[in-house]
Amino acid sequence: MPGIRIAIDRGGTFTDCVGNPGTGKLEDDVIIKLLSVDPANYSDAPLEGIRRLLERFTGKTIPRGQPLDTSEIESIRMGTTVATNALLERKGERCALVTTKGFKDCLVIGNQSRPRIFDLAIQKPEVLYKAVVEIEERVTLEDYAEHPERETTDVEAANNPDLVRGLSGEAVRILQRPNQNKIREDLKKIYADGFRSIAVCLMHSYTFPDHEALVGKIAEEIGFTHISLSSQLMPMIKLVPRATSATADAYLTPEIRRYIDGFSKGFAGGLGNESIKKAGEGKAARCEFMQSDGGLVDVNSFSGLRAILSGPAGGVVGYALTSYDEQTKIPVIGFDMGGTSTDVSRYGEGRYEHVFETTTAGVTIQSPQLDINTVAAGGGSRLFWKNGLFVVGPESAGAHPGPACYRKGGPLTVTDANLFLGRLLPDFFPKIFGKNEDESLDESASAKLFHELTEQINQETGKSMTPEEVAFGFIKIANESMTRPIRSLTEAKGYDTSQHRLATFGGAGGQHAVAIAESLGIRQILVHRYSSVLSAYGMALADVVHETQEPSSVSFSDNEKKGLKERLEGLKQKATKVLQEQGFEVKDIAHEEYLNMRYRGTESALMIPNSTGGEFGGEEFAFGKAFVKQHEQEFGFTLPDRDIIVDDIRVRGIGKSNRAKDRSVDQQLRELKTRAVDTKKQVFTKEVYFDGGRKKTPIYKLEDLEVGDKITGPAILADGTQTVVITPDAVALILQTHVVITIGEADGAGAGSPKRLSTEKMDPIMLSVFAHRFMAIAEQMGRALQKTSVSTNVKERLDYSCALFDAEGGLVANAPHLPVHLGSMSTCVRTQAAIWKDKLKRGDVLVSNHPEFGGTHLPDITVITPAFSGDNIIFYVASRAHHADIGGVLPGSMPPNSRELYQEGAAIKTEKLVSEGKFNEERMVELLHTEPAQYPGCSGTRCLADNINDLKAQVAANQKGINLISSLIGDYGEDVVQFYMRKIQQNAEESVRKLLKEVYKRFEGKELRAKDHMDDGSPICLKVDIDPKKGEAVFDFEGTGPEMYGNMNAPEAVTYSAIIYCLRCLISEDIPLNQGCLKPVHVKIPKNSFLSPSEGAAVVGGNVLTSQRITDVVLKAFQACAASQGDCNNLTFGYGGNLEGEKAVKGFGYYETIAGGSGAGPNWDGTSGVHTHMTNTRITDAEIFERRYPVLLRQFSLRPYSGGPGAHPGGDGVIRDIEFRIPVQVSILSERRVYHPYGMAGGEDGECGLNLWMRKIKKKDGTEDYKTINLGGKNTASMKAGERIVICTPGGGGYGKVEEREKVKRWEEKNHKLAWRGGSIAQRESMAETN
């Protein structure tokens, strides 16, 4: 006989329990909602929930604290936030990291980018381990992907014990085998220090796990109780995410085991498979936990790494299985709005969407997780009026004090706005507020704060808005900030948002769902009957899952298919065995097969499922065709002449749940007989605010409504756990399982004509909406560019920017990519707009990179597309990307010793890249490949195919921007869009004027002056004069040194970028970054100085080095903080080219910039190993670096004591030691090798950088040795195989006197929610911001 089935979701605030007596019928379910933490009444909420359910089902009284009888329970399924909370509060197990020698700081440096581009006080989330052990062992990959002839090593024929075939099929060279005694000695030391949990991650262990296994074996013998081996947890390439994942597992799993042990003690019988086997059926109960990938796992196998999204995953499973119809196949967007944040996800094609690398609470994890994207806007998000804009979040009022209406003196939040507008009903809310916890929500507290805020807004703007309009404005902005990620999630994957349904659940979703659906063009919203406990309900419906995965490196071809099929079969057998052990019969086990595939030479892999059903003419194993199709859909292009590489082989084994499925929404709709709802069912009516004013609105109780009832808006449907707002143009239908809301069905629902807004008076709410919309356009352009590009620079390092400009070329919105592009792109667009005035046609696209024409340095190529209305240009969009090579004297086109512009590669003043829709490839080949090679000692581009592909990607990104603005004009009308383009610039201008007035006050009108030097002694001088009445400033660079016969010259555009960046850092609040920022600023640069060089001057270092020094000088003048490393440490290496008169040699070029220390400030310490100011590009992961290029990364760690001492010390630089395995040309272009990064307010200077060449020399006896040679700041050398370059980067300056260090309160932000983001969009956003 089936027993009681229980499903539980333990959330941050509430624990939801759904119980069924064993019938599996919806109507027999019992729901219990209780507080997750209530120590006065019970110690563990899930146990208490199970106790109450057992009382209900058995009719017996069960005293608290008595162990619960499992004999009547068939199964318990649970989702828990234990792992998430331990991560957020940093309360996991004390653990140590064991890694390869040279990489002890790999997780501190991470990808070297800073999380928030404009924060001078850089905060990186702290690492999870407390100690590091470095193991002297090393392996590397023998072949490299960038080899022009694709040569590979035949391991078997080599017959060398140090050459082995890795799990991925790659040839692995063992350079140093580990010493067992030394490992034992080192591990015993940390064991003696009290460590019991360790994470092990060695270089390339994803393909060669032997050394890790050895460390694991020794650790087990010593007595460590938890050992996380990265090669077992997730054998995927990339050292940093794999090491973080292993550390997270070592940090969280012991915590989870403790929780589970405590939980199990609450039962009289055992829990889980082991107990069932021991006790026999009927004594013990099945117990499974939800993993981040949407599958359940037996209680004994639940691990920390896979538990991080345990709770939210249940909600995705819940809506996926209740809202998606296999027949109609309409995809669904899940919208789960809670108190502090909102989770957004998508379900379509009958499959869950997984991501394999996400960041949660500042920890980047490699593990299959559902693609759940967290937005920092929930019911508790705070409302602000800042700099003339309505702002929602990201700060939250939390549970304590909570929103103003919670009677604890809290601030205004989204919940208050809903309550004030009548969209939240105190009558239906539990009475748990006030001193005695017996009062309902306090409407007067919300109303009072809205009246006060409205008064302030009206005073500042001269408007006469009502408090209702203000509250409704905030709701609009909250909706706007939630629709941006939904758009990203769907459109970034190539789907059309409007073709989806919206499934809303979570406490606050129903109040916003209709507005959000409307703004996304979605017509139908589904609200499940259990929507407020849908995560728990999802647990009840979910399947048990076992994932297995192996690395691979083969190309997908007919020869390899047999081997791939065999490996998939092997993984399926493994998964089946595990599921059989959990009690599943073979007939109930299904498998999903996946290959993780990418084109050779790219790093953007797609996880491709084996297509079932006759999608490709019934072809079996059609992975190749499926990959090409998905690549086309997601990236908009295919590369038919390139091999397809298989990186990973994955099988998802599924043990099917036998819960009876309800009829789908579409089946119910087809059979439904509808009737208008009986007005007698109204509980009462209420004046509720909708667009345009308050309307008399009927309120219904959900339980009073019957199947088939049709409710026309406006209306509110509510029960004790949720409130659903039906707007005036929507209709709700009641089904057995759902409420279905359809938009635009009510009488008088207007057809889609543009929304008329006045262009006489500016509406501050619409200004905030347009700020979001313009920014979203720039962001989506960036996403399109990254997706369709081919080169590493654009795709992985995100070295690009996209922006939107007005008809004159003034910047309107720039997604926060690279600061150095901020002001300089508009100089370029304005110049080109003037040159081509009245000569451009639809379908024309311009290209330019010349410094005289608004370029920064030649590798940054700008592509500009005009947008027309009739025959007039109404705005421009532009994208600028860094091309890895465009010719010149050296590979990488960043020559350290260039004297003339032509030595740096192709210089394009102005050209049509596309003429009326036709891409001028021939002309681009001339410009990039043929012309540069005609100069003495110069080559044309060394990677023409990448250049052409990336230029096409830039054209496509621009087109995306134009389509998005056209739809915005379709929504609001051209005049309105133009009007708000101007207003958004005025808003930024006012913010800068306000800042300048404050600075004048702070310095009491004293003159602001600063001076610093480039390493060759050239001074940069700055005097800032502020007019306190107008809020204007003159930045005068009189006294700056003359143009150099070298490449440190910086085009004027670079100085503008540096000034905009510094002003935005000093404002320290989010303001739109656009042309308005520079309106109050007048810049005087002496002609023919190195900040305003002549036309043919070399400039490659100006963009990357001089820009950093200008920033140092501006911040010094404002006395903001000590100097950061003031350098990008540009390293390039490669070989090949087409020198005039010589045969072209195929080769490659590589370029990277390297982190250093950041400067300390009045209340913060500097940060070590991070990029600062004008750059924020990521570093290529160590394993990818060695897979793609013929190098050995010997060391990448912090450089101790290089930060300047002070009350707040500066951050340390890094040491990067690279050995070359073949002869290459190596160039370094760096600064701060002579002049130290300055300290401030008594703080000491940071250390200078140092570049060393470890050069091989033959000794008299014929042996080889190394000689250390200082390369200086700028140099190039031909290095032989086995030679090394060691780059030691500068530290940051200290702030305040050293002796005051002890008195200084350590200013440490312990809020890891700062970096709390999840899912693919967050990954994308943080990547964009890391540029």
Side-chain angles (χ1 to χ4, degrees), residues 377 381-395 411-414 416-418 420-421 446-447 449-484 512 515 519 689-694 754-777 804 806 812-813 968 971-973 975-995 997 1031 1064 1067 1069-1077 1079-1080:
S381 293
R382 294 182 55 184
L383 312 179
F384 304 96
W385 166 253
K386 282 183 186 173
N387 299 317
L389 291 173
F390 281 65
V391 180
V392 176
E395 299 86 345
L412 270 183
T413 65
V414 171
D416 292 299
N418 277 316
F420 179 62
L421 298 172
S446 306
L449 291 179
F450 273 116
H451 280 282
E452 288 169 8
L453 186 59
T454 305
E455 217 167 285
Q456 181 196 341
I457 293 172
N458 287 340
Q459 249 172 358
E460 287 182 27
T461 59
K463 293 259 178 294
S464 47
M465 296 175 79
T466 64
E468 279 82 359
E469 284 168 342
V470 167
F472 191 64
F474 279 115
I475 296 281
K476 266 188 177 162
I477 305 307
N479 292 342
E480 199 60 48
S481 64
M482 290 184 278
T483 50
R484 245 165 88 182
H512 295 261
S519 130
Y689 190 93
F690 292 98
D691 215 343
R694 288 195 184 262
K755 306 173 175 117
R756 291 314 305 151
L757 293 173
S758 158
T759 52
E760 304 291 308
K761 286 213 246 48
M762 194 259 307
D763 174 352
I765 297 167
M766 287 319 295
L767 184 69
S768 309
V769 168
F770 274 106
H772 272 281
R773 287 290 172 89
F774 291 144
M775 198 52 146
I777 289 170
L804 165 65
D806 60 27
V812 175
L968 194 62
D971 280 354
Y972 291 100
D975 53 339
V976 173
V977 174
Q978 294 273 27
F979 175 76
Y980 280 100
M981 267 190 186
R982 288 191 296 279
K983 290 294 171 198
I984 207 89
Q985 291 173 328
Q986 282 171 16
N987 171 268
E989 180 188 333
E990 282 155 21
S991 301
V992 172
R993 288 187 190 279
K994 196 167 110 192
L995 166 80
K997 289 174 185 173
R1064 169 62 186 80
I1067 288 174
E1069 269 178 16
D1070 264 340
I1071 62 160
L1073 281 176
N1074 56 45
Q1075 215 52 42
C1077 296
K1079 267 276 183 58

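Just so you know, residue 1 is the first one in the sequence shown, and it goes up from there. Remember, it's a predicted structure, so these values are computed and weren't measured experimentally.
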Practice prompt. With rounding to the nearest 0.5 Å, note down the distance linking CG in L804 to CZ in R773.
Written response: 13.5 Å
Worksheet, complete the sentence: Closest non-hydrogen contact found for E468 with L421 is O-CD2, 3.7 Å
Discussion item. Can a donor-acceptor pair be found, under 3.5 Å and without considering hydrogens, that links the side chain of N458 to the backbone of M465?
Written reply: yes
Discussion item. Side chains of E455 and Q459 only: does a donor on one sit below 3.5 Å from an acceptor on the other?
Written reply: no
Fill in: Any side-chain heavy-atom pair of L412 and R382 under 4.5 Å
no
Fill in: Distance-minimising heavy-atom pair for L968 and F774
CD2-CE2, 3.8 Å
Fill in: Partner residues of F384 under the ring pair (Phe, Tyr, Trp, His ring centres under 6.0 Å) criterion, sequence neighbours left out
none
Practice prompt. For the pair Q456 and E460, evaluate side-chain contact (heavy atoms from CB on, under 4.5 Å) and give the outcome as yes or no after the intermediate values.
Written response: CA-CA 6 Å; Q456 181 196 341; E460 287 182 27; 3.1 Å; yes
Worksheet item: For the side chain to side chain contact (heavy atoms under 4.5 Å, CB included) test, which of V391, L453, N418 pairs with F474?
Response: L453
Practice prompt. Measure across G473 and F390 and return the closest heavy-atom pair with its distance rounded to 0.1 Å.
Written response: C-CD2, 4.3 Å
Worksheet item: Between CG of D763 and CD of E469, what distance do you get to the nearest 0.5 Å?
Response: 8.0 Å
Practice prompt. Working to the nearest 0.5 Å, report the span between CE of M482 and NE2 of H512.
Written response: 5.0 Å
Item to complete: Would you please test T461 and W385 for side-chain contact (heavy atoms from CB on, under 4.5 Å) and show each step?
Response: CA-CA 11 Å; T461 59; W385 166 253; 3.6 Å; yes
Practice prompt. Please report the closest heavy-atom contact between A988 and N1074, naming both atoms and the distance.
Written response: CB-OD1, 3.2 Å
Worksheet item: Considering only heavy atoms from C-beta outward, does the side chain of R1064 approach that of C1077 to under 4.5 Å?
Response: no
Discussion item. Just so I know, are the side chains of M766 and K983 near enough to count as touching, which here means a heavy-atom distance under 4.5 Å?
Written reply: no
Discussion item. For the backbone of A515 and the side chain of S519, can you confirm whether one donor and one acceptor N or O come within less than 3.5 Å of each other?
Written reply: no
Practice prompt. Rounded to the nearest 0.5 Å, what's the gap from CG on N987 to CG on L767? Could you check?
Written response: 5.0 Å
Practice prompt. Taking the side chain as every heavy atom from C-beta outward, state whether V470 and F420 have any atom pair closer than 4.5 Å.
Written response: no
Discussion item. Evaluate Y972 against F770 for ring-ring contact (aromatic ring centres under 6.0 Å, His included), listing each step before the verdict.
Written reply: CA-CA 11 Å; Y972 291 100; F770 274 106; 5.0 Å; yes
Discussion item. Could you check whether E990 pairs with K994 (Lys NZ or Arg NE/NH1/NH2 to Asp/Glu carboxylate O, under 4.0 Å)?
Written reply: no
Worksheet item: Looking only at heavy atoms, which two atoms of L449 and P411 are closest? And how far apart?
Response: CD1-C, 4.4 Å
Worksheet item: Taking C-beta and beyond as the side chain, do T413 and S381 meet within less than 4.5 Å on heavy atoms?
Response: no
Worksheet item: When rounded to the nearest 0.5 angstrom, what is the spacing between CD1 in I984 and CD in E989?
Response: 13.0 Å
Discussion item. We want to know whether D806 and Q985 form a side-chain donor-acceptor pair, criterion being a heavy-atom distance below 3.5 angstrom.
Written reply: yes
Worksheet item: Taking side chain as C-beta onward, heavy atoms only, is K1079 less than 4.5 Å from V992?
Response: no
Discussion item. Has Y980 got a side-chain atom pairing as donor or acceptor with D975's backbone, closer than 3.5 angstrom?
Written reply: no
Worksheet item: When you look at V812 and Q1075, which way does the side-chain contact (heavy atoms from CB on, under 4.5 Å) test go after all the steps?
Response: CA-CA 7 Å; V812 175; Q1075 215 52 42; over 6 Å; no
Worksheet item: Where do F979 and M762 land on the side-chain contact (heavy atoms from CB on, under 4.5 Å) test, with the steps shown first?
Response: CA-CA 9 Å; F979 175 76; M762 194 259 307; 4.2 Å; yes
Worksheet item: Under 4.5 Å between any side-chain heavy atoms of I457 and K463, yes or no?
Response: no
